[in-house]
Amino acid sequence: MGNVTVINHPLVQHKLTLLRDEKTGSKEFRELVSELAMLLTYEATRDLTLSETTVKTPVAEARTQVLSGKKLGIVPILRAGLGMVDGMLSLIPAAKVGHIGLYRDPETLTPVDYYCKLPPDISERDIFIVDPMLATGGSAVAGINVVKRAGSKSVKLVCLIAAPEGIKAVRAAHPDVDVFIAAVDDHLNDHGYIVPGLGDAGDRLFGTK
Ligand code: PRP
Ligand code: URA
């Protein structure tokens, strides 16, 4: 069974507070999403394997460690997941990036897919699906379905804010997937928005609506 990790680090919680604030404009919102994605990546990559190596420092030889070269992939769910990609790439620059386009039908709240482009060697990569918001969980479950159908055997989900309903849905559909989040909020409102949440992540990132 995969784990759900809530990252309570003070920097994460401080930045999340700024992100939620309705007075935060798109420029700062984008910067915060990127910084939060970087901080969550630090935790989500904690189990990467290392191998032994030797480097010569100016003083002596050091027996030390490097990443053992496991291939990684970042797959944002469009649109809002895009805001997390650069922050993640700053820590794992060799990762390939795939894209899954999904939007939530405002009436049924079910995800509608409109785009998919994934790295061809996805079955050899550890995949991070990224989306700031895990609300009903419909989009995350659909995104994970897509990468698994494409051959992925190792999937992690990285989100900023989750509703309990969304976590439950992902765990029921994909019990093998580890989930990393900065906060679990109270509930979903009648329109499927996370309460208190931060509003519409895509609109706040891109200044639409
Ligand atoms: C938002 C968000 C998630 C989804 C979460 O996207 O970025 O993808 O809703 O909701 P769910 O857990 O109930 O599926 P949205 O559908 O608003 O599309 P957008 O990013 O293009 O604005
Ligand atoms: N999508 C968002 O952008 N915000 C929510 O609160 C729920 C879904």
Side-chain angles (χ1 to χ4, degrees), residues 2 4 6 15-26 28-34 36-37 40-41 44 74-88 97-118 127-148 155-175 177-209:
V4 177
V6 182
K15 288 178 190 296
L16 193 58
T17 299
L18 300 176
L19 190 73
R20 290 180 189 274
D21 190 334
E22 65 178 3
K23 295 195 290 300
T24 298
S26 286
E28 195 188 350
F29 193 91
R30 278 196 292 273
E31 290 164 357
L32 288 163
V33 168
S34 192
L36 281 160
L40 265 61
T41 301
I74 302 169
V75 178
I77 296 181
L78 309 183
R79 290 176 300 164
L82 282 176
M84 298 175 70
V85 174
D86 282 351
M88 298 188 77
V97 182
H99 295 87
I100 296 176
L102 293 172
Y103 71 88
R104 255 186 359 168
D105 181 291
E107 302 301 324
T108 64
L109 300 183
T110 54
V112 182
D113 62 294
Y114 60 89
Y115 187 75
C116 182
K117 183 80 179 171
L118 298 172
I127 298 298
F128 298 94
I129 302 246
V130 301
D131 192 331
M133 309 306 278
L134 179 62
T136 65
S139 303
V141 167
I144 298 166
N145 284 339
V146 169
V147 298
K148 283 189 174 175
V155 185
K156 290 178 176 153
L157 175 67
V158 183
C159 300
L160 301 185
I161 301 180
E165 295 89 330
I167 296 173
K168 203 169 151 205
V170 169
R171 284 176 80 66
H174 297 291
V177 169
D178 287 329
V179 181
F180 296 85
I181 32 183
V184 183
D185 276 10
D186 199 54
H187 65 281
L188 294 176
N189 69 16
D190 293 343
H191 305 288
Y193 277 86
I194 299 174
V195 181
L198 51 70
D200 188 301
D203 284 345
R204 293 196 65 184
L205 264 173
F206 299 112
T208 44
K209 180 84 124 316

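Note that the numbering runs from 1 along the sequence shown for the chain. When reading the values below, keep in mind they use all heavy atoms of this one structure, side chains included, and skip hydrogens, waters and symmetry mates. We count ligands from 1, going down the list as the structure has it; atoms in each ligand are counted the same way. This structure is a prediction, so every number in the text was calculated from the model and none was measured.
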Exercise. Less than 4.0 Å between a side-chain N and a carboxylate O, is that true for Arg20 and Asp185?
Worked result: yes

Exercise. Do NZ/NE/NH1/NH2 and the carboxylate oxygens of Arg79 and Asp203 come within less than 4.0 Å?
Worked result: yes

Problem set entry | Side-chain (Arg104) to main-chain (Gly192) donor-acceptor, under 3.5 angstrom | yes

For this session: Have a look at ligand 1 and work out which part of Asp131, if any, has a heavy atom under 4.0 Å from it: side chain, backbone, both or neither.
Result: side chain

Problem set entry | Residue part near ligand 1, for Ala201, under 4.0 Å between non-hydrogen atoms |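 The answer is neither.
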
Element-labelled atoms of ligand 2 that are located less than 4.0 Å from some non-hydrogen atom of [X]:
| X | value |
| --- | --- |
| Gly192 | 7 (C) |
| Arg104 | 7 (C), 8 (C) |
| Ala135 | 7 (C), 8 (C) |

Exercise. If you measure from atom 2 (C) of ligand 2 to every heavy atom of Ala80, Gly199, Gly202, Gly197, which option wins on shortest distance?
Worked result: Gly199

Seminar exercise, completed: Closest to atom 14 (O) of ligand 1 by heavy-atom distance, out of Pro106, Ser139, Cys159, is Ser139

Measure the distance from [atom] to every protein heavy atom, then report the residue, atom name and distance (to 0.1 Å) of the closest one.
| atom | answer |
| --- | --- |
| atom 10 (O) of ligand 1 | Arg104 CD, 3.2 Å |
| atom 6 (O) of ligand 2 | Ile194 N, 2.8 Å |
| atom 5 (C) of ligand 2 | Tyr193 CD2, 3.4 Å |

Exercise. What part of Ala201, side chain, backbone, both or neither, has a heavy atom within less than 4.0 angstrom of ligand 2?
Worked result: both

Problem set entry | Any non-hydrogen protein atom less than 4.0 Å away from atom 6 (O) of ligand 1 |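 No, there is none.
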
